[in-house]
Amino acid sequence: ELRPPKDFNFFFNDTAVATSFQDWRPADTREYVVDTGASYHLVSAEELTDNERKTLRPLPEPKKMETANGETEAAREADIYVQSLRMTIPAMVLEGRTPAFISVGRLVSDYDMTFVWLAQGATITLPSGRVVVCEQGVNVPMLTAAKVRKSIVKKGLPGIAPMATE
């Protein structure tokens with residue numbers, strides 16, 4: 001069951017962040033909240049591409065969860081493409097308008113990725129060693145269109161080895 005922290009409502013009530021979710025974008029530019037408290041990857045049914053809609057399937061059992069907007073239920077999932085990670089992952093599909101969430105716990109346990117959040121920013125390291133830099137949105141890590149900062153490529157972050165360029 002997904003339960004955000006009690007003070008999590010600030011995220012959805014903050015005008016600067018909320019407006020970034022008002023322009024729903026195609027999957028190649030979809031923004032994801034990278035959430036250490038999310039039990040599942042989540043996406044809005046309204047955000048699915050035609051190809052992602054083709055993968056819609058019922059969950060074996062609907063999942064109830066508590067969100068910042070109240071209790072909701074997911075009855076379906078779909079395979080969604082996350083451009084920054086260059087991979088397709090299964091995500092529970094929620095009805096209505098909601099930001100897309102990436103579960104850090106699922107990335108770590110299901111795909112052997114590493115998540116590091118330091119003062120300089122948050123990163124996700126794939127098993128290949130490729131480092132994906134998360135953007136910062138009001139102290140919330142976000143995945144947007146794929147970006148690799150040159151400073152990380154050349155110097156690395158503390159505790160993270162520099163990556164090879166592709």
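Predicted, not measured: the structure shown is a model, and the values here were computed from it. Heavy-atom basis, side chains included; hydrogens, waters and symmetry copies ignored.
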Problem set entry | Separation between CZ of Arg30 and OG1 of Thr49, rounded to the nearest 0.5 Å | 6.5 Å

Problem set entry | Heavy-atom closest contact (Arg106 atom, Ser39 atom, distance) | NE-O, 2.9 Å

Problem set entry | Heavy-atom side-chain contact between Phe101 and Ser103 under 4.5 Å | no

Exercise. How long is the gap from CG on Leu42 to OG1 on Thr72, to the nearest 0.5 Å?
Worked result: 9.5 Å

Exercise. So do Thr123 and Val132 actually touch side chain to side chain, heavy atoms under 4.5 Å?
Worked result: no

Exercise. Using 4.0 Å as the upper bound for N to carboxylate O, is an ion pair formed by Glu95 and Arg76?
Worked result: yes

Exercise. Is there a side-chain contact (heavy atoms from CB on, under 4.5 Å) between Arg130 and Arg86 once you walk through the steps?
Worked result: CA-CA 11 Å; Arg130 188 168 73 87; Arg86 297 183 191 158; 3.6 Å; yes

For residues 111-119, please give each side-chain donor-acceptor pair under 3.5 Å, one per line with the distance, not counting sequence neighbours.
none

Exercise. What closest approach, in Å, do Pro141 and Ala122 show between heavy atoms, and which atom pair accounts for it?
Worked result: CB-CB, 4.0 Å

Problem set entry | Heavy-atom donor-acceptor pair, His41 side chain to Pro90 backbone, under 3.5 Å | no

Exercise. Val43 and Leu94: side-chain contact (heavy atoms from CB on, under 4.5 Å), yes or no, with the steps?
Worked result: CA-CA 6 Å; Val43 69; Leu94 300 179; over 6 Å; no

For this session: Taking the side chain as every heavy atom from C-beta outward, state whether Ile80 and Tyr32 have any pair of such atoms under 4.5 Å apart.
Result: yes

Exercise. Under 4.0 Å between a Lys/Arg side-chain N and an Asp/Glu carboxylate O for Glu73 and Lys63?
Worked result: no

Seminar exercise, completed: Taken to the nearest 0.5 Å, the spacing of Asp110 CG from Ile89 CD1 works out to 9.5 Å

Problem set entry | Minimum side-chain heavy-atom gap Ile102-Val33 below 4.5 Å | no

Problem set entry | Atom of Ala74, atom of Leu59 and distance for their closest heavy-atom approach | O-CD1, 3.3 Å

Exercise. Say you draw a straight line from OG of Ser84 to CD1 of Ile124; how long is it, rounded to the nearest 0.5 Å?
Worked result: 8.0 Å

For this session: Calculate, to the nearest 0.5 Å, the distance between atoms CE and CD belonging to Met142 and Gln136 respectively.
Result: 10.0 Å

Exercise. Is there a side-chain contact between Leu143 and Leu85 (heavy atoms, below 4.5 Å)?
Worked result: yes

For this session: Output, in order, the C-alpha distance, side-chain angles, deciding distance and verdict of side-chain contact (heavy atoms from CB on, under 4.5 Å) for Thr88 and Val82.
Result: CA-CA 6 Å; Thr88 300; Val82 183; over 6 Å; no

For this session: State, yes or no, whether a side-chain contact exists between Met65 and Met92 at a heavy-atom distance under 4.5 Å.
Result: yes

Exercise. Are the charged groups of Asp79 and Arg57 less than 4.0 angstrom apart, N to O?
Worked result: yes

Problem set entry | Intermediate values then yes/no, side-chain contact (heavy atoms from CB on, under 4.5 Å), Tyr40 and Glu77 | CA-CA 10 Å; Tyr40 306 101; Glu77 71 178 349; over 6 Å; no

